[in-house]
Amino acid sequence: MDITVTEESPFRFRIDQQGRMSVPGVVFASRELLPQAVGDRALEQVVNVAMLPGIVRASFAMPDVHWGYGFPIGGVAATDIDAGGVVSPGGVGFDISCGVRLLAADIERAELAPLLRRLMDVLGDIIPRGAGRGGLWRLSGRAEMEKLLTRGAGYAVERGHGTPRDLARCEDRGILAGADPSQVGQRAVDRGLLQVGSLGSGNHFLEIQAVDRVYDPRAAAAFGLRAAQVCVMIHCGSRGLGHQVCADHVRIMDRSPYARAFDLPDRQLACAPVASPPGRAYLGAMAAAANYGRANRQLLTEAVRRTFTSAVGVGLDLVYDVSHNMAKIETHEVGGTPRRLCVHRKGATLALPADRPCLSEDLAETGHPVLVPGTMGTASYVMVGTPENDAFASACHGAGRVWSRHQALRQVRGQQLRDELESRGIAVRPSSWRGLAEEAPAAYKNVDAVVAAAEGAGLARVVARLVPLGVVKG
DNA sequence: ATGTCC
């Protein structure tokens, strides 16, 4: 498929509405970052998403967009619930509530340096990771799982793993409303029982980082960040439970009457009206899986805190926890009137600006942190939401792949990559050589360019740049 | 992303 993109303004490209598209496509990128320029077919998916029943404004793509299941990763699509708008599991992705959490330590990188190796050894020993395998917790059964699926990070805190202050710095206070554990199948529950408190694999990681540069001192101070400070970034999701929820509900929707009625260009866009039984069932199960992801990050936080206390002698404050694979019911103005929308963000981070409702109190004047993880050996960014964002308060979520995992394996040796990173002073604790090779920095876009494009497009503003000191790889 | 195929 040949797709024409027109540069509307710097860092903003339009795909004109045509054929069965209900809205145009909008791609935030530089010319160099456009999917076509990096050999990726994601824009075909941007066009397909523009055909979703009830979609409003545009089918959006962030600067890190790349090919995904049905919907592109780095895509944002909002549907009008009261106009028959749909929800689609493919618009959230298989790793429901995959997201990032940033913790700040009260120590500078120079002070940590002599302790880093020992710290990394302990973290490498205690952080569960890799495909399958166990987690920090072992749930007693379905009854306990349902508490966790309903109360999310709040359940971990109730059980003594964290503080109420942690919850104040989580999106939705760590507990997504509307969870319906009865819509989470037994197989999903069984897969999740032994994985609470684990990183998983793929691009998931736990990194020790240092603040390299502060761009916005006021916002950085509000977030609790300062130059040279040591931080911990945790990137993980809802493991096998979220994966199974997605698979189960894709199947339900694919077999529902809506699949035929909508006649969509790709079966992977399987969807149903938000207000329909399959739509409500998915959203209830998705919220439950989201709470699993949040509890997962909360438990990993406590494990890292214990390690920092014993190995370094300092505590860790939660800066923020935000998901980048979610569908949320939100109210936004469309065409001058407030509409209830189902906003799908798949590989796109919620980027709330100042003075918006549902901000946590201490962030109301600043806006919420937007956490953008880079790849191994490259920078990560903290940004903040901006009022001019017209992609329903969404921003990029990372660097974005340019090589498939298969391509990366052909190009990169895991051991060699480890040696290169170690020679640059970055301590690496991998779970498999293969997994490490698949996640090589060369397999990704340049995160600095992605963030510059996001800022240039007005999606979010840069607050601080972080650099890696050590990475525990999933 | 994922007990990388039910």
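Proteins get letters first, then strands, A, B, ... in listed order; numbering begins at 1 in each.
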A:Arg187 atom CZ is separated from B:dC6 atom P, nearest whole Å, by 7 Å
A:Arg251 has an atom CZ; how far is it from atom P of B:dT2, in whole Å?
-> 20 Å
Could you give the CZ-to-P distance, from A:Arg401 to B:dT4, as a whole number of Å?
-> 18 Å
Once you round it to whole Å, what is the distance between P of B:dT2 and CD of A:Gln244?
-> 13 Å
What is the nucleic acid contact for A:Gly68, judged by heavy atoms within less than 4.0 Å: base, sugar-phosphate only, or nothing?
-> nothing
When we call it a touch if two heavy atoms are under 4.0 Å apart, what does A:Glu438 touch: a base, just sugar-phosphate, or nothing?
-> nothing
Under 4.0 angstrom between A:Arg239 side-chain N/O and B:dT2 OP1 or OP2 | yes
For A:Arg41, does the CZ atom have more than 12 heavy-atom neighbours from other residues, nucleotides or ligands under 6.0 Å away?
-> no
d(CZ, A:Arg133; C1', B:dT2) in whole Å = 14 Å
Are the side chain of A:Ser276 and the backbone N or O of A:Ala272 linked by a donor-acceptor pair below 3.5 Å?
-> no
Distance, rounded to the nearest Å, where A:Ile96 contributes CD1 and B:dT2 contributes P | 12 Å
How close or far is atom C1' of B:dT2 from atom CG of A:Asp248, stated in whole angstroms?
-> 13 Å
With sequence neighbours left out, write down each residue that passes salt bridge (charged side-chain N to carboxylate O under 4.0 Å, His left out) with A:Arg57, or none if nothing qualifies.
-> none
Name each donor-acceptor pair under 3.5 Å that joins a side chain in residues 451-460 of chain A to protein atoms two or more places apart or in another chain, with its distance.
{"from": "A:Glu455", "atom 1": "OE2", "to": "A:Val462", "atom 2": "N", "distance (Å)": "2.8"}

Looking across every strand, which nucleic acid part, if any, lies under 4.0 Å from A:Gly93 by heavy atom: base, sugar-phosphate, or nothing?
-> nothing
Phosphate-side-chain proximity, A:Ser201 and B:dT4, N/O vs OP1/OP2 below 4.0 Å | no
Atom CG of A:Asp190 and atom P of B:dT2: how far apart are they, to the nearest Å?
-> 18 Å
Give a yes or no on this: more than 12 heavy atoms of other residues, nucleotides or ligands lie within 6.0 Å of atom CZ of A:Arg260.
-> no
If you look at every strand shown and take non-hydrogen atoms under 4.0 Å, does A:Gly237 touch a base, only sugar-phosphate, or nothing?
-> nothing
